[in-house]
Trainee: 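Below you'll find the structure I mean.
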Number of protein chains: 2
Amino acid sequence: MSKSETTSVNRRTEIISAAIEVFAEIGYYRATTAQVAKRAEISQPYIFRFFSTKEALLLAALEVSWMRVIDSFRKVVGSASPEHLETDLIQAYDEILNAYRNEILLQMQAQTIQEDSIREAMRNGFGEVRRIVLEAFRAAGIPNPEERTMLFLARGMLCNISTALNMPELKEF
Amino acid sequence: MSKSETTSVNRRTEIISAAIEVFAEIGYYRATTAQVAKRAEISQPYIFRFFSTKEALLLAALEVSWMRVIDSFRKVVGSASPEHLETDLIQAYDEILNAYRNEILLQMQAQTIQEDSIREAMRNGFGEVRRIVLEAFRAAGIPNPEERTMLFLARGMLCNISTALNMPELKEF
DNA sequence: TAGGGAACTAATTGATGAATCACTAACCAG
DNA sequence: CTGGTTAGTGATTCATCAATTAGTTCCCTA
């Protein structure tokens with residue numbers, strides 16, 4: 001049982017969680033800091049004690065969402081047997097997509113945001129995930145690991161869209 | 001040589017082209033109708049003679065961009081030999097991605113826009129593309145056509161992201 | 001050549017949003 | 001109990017934007 005004091009760090013985390021929800025639901029550019037504040041049950045100006053700009057808040061939210069995927073994949077890679085590796089990774093991503101849908105919707109939005117800092121965060125995230133999967137496929141002795149990694153990522157991106165548009169038929173076969 | 005009179009229809013088309021560029025570069029919600037107007041070399045209010053709202057303009061832009069893909073794929077399906085079908089489709093999409101990058105960037109944005117009319121347009125577009133590809137794979141006698149269609153679409157979506165983030169390594173293998 | 005309509009714009013409006021400022025309340029150490 | 005620090009807010013500012021209104025220009029034709 002962890003205490004839930006209102007420390008500065010806790011507040012920061014609460015604001016990020018609220019931002020992920022609101023940005024995902026409303027759209028980053030259309031969402032207002034007032035809406036984020038309301039969701040976090042604080043006043044709008046108080047957000048700016050923790051994040052210097054709205055964009056800095058988006059960056060923090062993206063950081064959280066990439067770490068969700070990266071940590072999960074690292075855990076799978078560290079424990080899965082070579083023959084279950086790919087199915088376990090797929091299952092792990094599927095669980096994230098169910099439990100943290102908004103974080104993935106936010107990543108999808110960020111794919112087309114042109115701000116340099118956002119693009120860099122997205123490239124880092126994708127690059128790290130790709131590295132983890134590719135290394136794991138290699139270590140598992142999977143043939144054509146580069147192609148298999150590409151196909152794994154591709155299917156993941158189609159799952160995202162299938163989820164976002166509520167079109168299950170896109171990913172089924 | 002077609003005449004380039006300034007008819008009502010031409011202006012409409014010009015505005016849509018300008019909107020595709022500006023929305024793709026700036027982001028739909030952040031982009032202003034004034035920026036679109038400037039790109040189209042008309043005044044900002046004049047846009048509203050052709051489109052009742054900013055959202056109606058986005059819908060028209062999405063319509064253009066989906067027809068680009070759909071028409072191109074239909075042409076390939078109508079002329080390609082069964083053994084070249086998939087490579088020809090891939091090549092066709094690659095050419096669209098090069099020549100009409102902004103239209104695809106706009107589609108990517110629209111994947112996460114929650115407005116009902118936009119979601120419906122996106123579902124129609126994806127559904128029609130999927131139908132065309134699946135039917136063509138079946139007619140060509142390709143085994144597991146549903147799975148192959150899913151993988152084809154998945155690779156396409158990864159190509160989009162690879163292009164948007166300028167990460168060529170994502171799609172290569 | 002008068003006038004009617006199509007193409008187009010300047011000026012404005014009402015609403016909204018990010019960010020800042022000036023302030024209060026609660027707590028805690030010496 | 002007091003002086004400093006942390007947590008927090010109401011009110012405001014300045015900018016911006018979608019959409020409307022009220023016009024002007026220009027061409028075609030009867």
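Chain A is the first sequence line, chain B the second, and so forth, proteins listed ahead of strands; every chain is numbered from 1.
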Trainee: Could you state the CZ-P distance from B/R49 to D/dT20, rounded to the nearest angstrom?
Mentor: 11 Å

Trainee: Quick check: on DNA chain C, is the nucleotide nearest A/S52 upstream (toward 5') of the one nearest B/P45, or the reverse? Name the residue that is more 5'.
Mentor: B/P45

Trainee: Can you list everything that forms a side-chain hydrogen bond (donor to acceptor under 3.5 Å, both in side chains) with B/R74? Sequence neighbours excluded, please.
Mentor: B/E128

Trainee: For B/R138, which residues count as a side-chain hydrogen bond (donor to acceptor under 3.5 Å, both in side chains) partner, sequence neighbours excluded?
Mentor: B/E135, B/E146

Trainee: By salt bridge (charged side-chain N to carboxylate O under 4.0 Å, His left out), which residues pair with B/R49, not counting sequence neighbours?
Mentor: none

Trainee: Quick one: A/R12 CZ to D/dG8 P, roughly how many Å, whole number?
Mentor: 15 Å

Trainee: Could you tell me how far apart B/K38 (NZ) and C/dT9 (C1') are, to the nearest whole angstrom?
Mentor: 16 Å

Trainee: State plainly whether the residues B/R68 and B/E63 are in salt-bridge range, i.e. N to O under 4.0 Å.
Mentor: no

Trainee: Do any side-chain nitrogens or oxygens of B/Y46 fall under 4.0 Å of OP1 or OP2 in C/dC8?
Mentor: yes

Trainee: Within this structure, what is the CD1-to-P distance between A/I47 and C/dT20, rounded to whole angstrom?
Mentor: 13 Å

Trainee: Go through the structure and list residues passing side-chain hydrogen bond (donor to acceptor under 3.5 Å, both in side chains) with A/R119, not counting sequence neighbours.
Mentor: A/Q114

Trainee: Give every pair of a protein N or O atom and an N or O atom of nucleotides 14-18 of chain D that lie under 3.5 Å apart, one pair per line with the distance.
Mentor:
from   : atom 1 : to    : atom 2 : distance (Å)
D/dA18 : OP1    : B/A31 : O      : 3.3
D/dA18 : OP1    : B/K54 : NZ     : 3.1
D/dA18 : OP2    : B/T33 : N      : 2.9
D/dA18 : OP2    : B/T33 : OG1    : 3.0

Trainee: Taking side-chain hydrogen bond (donor to acceptor under 3.5 Å, both in side chains) as the definition, give me every residue that meets it alongside A/T13, ordered by chain and number, with sequence neighbours left out.
Mentor: none

Trainee: Check the phosphate of D/dT6 against A/R11, side-chain N and O only, distance under 4.0 Å to OP1 or OP2. Yes or no?
Mentor: no

Trainee: Separation of B/I42 atom CD1 from C/dT9 atom P, in whole Å?
Mentor: 7 Å

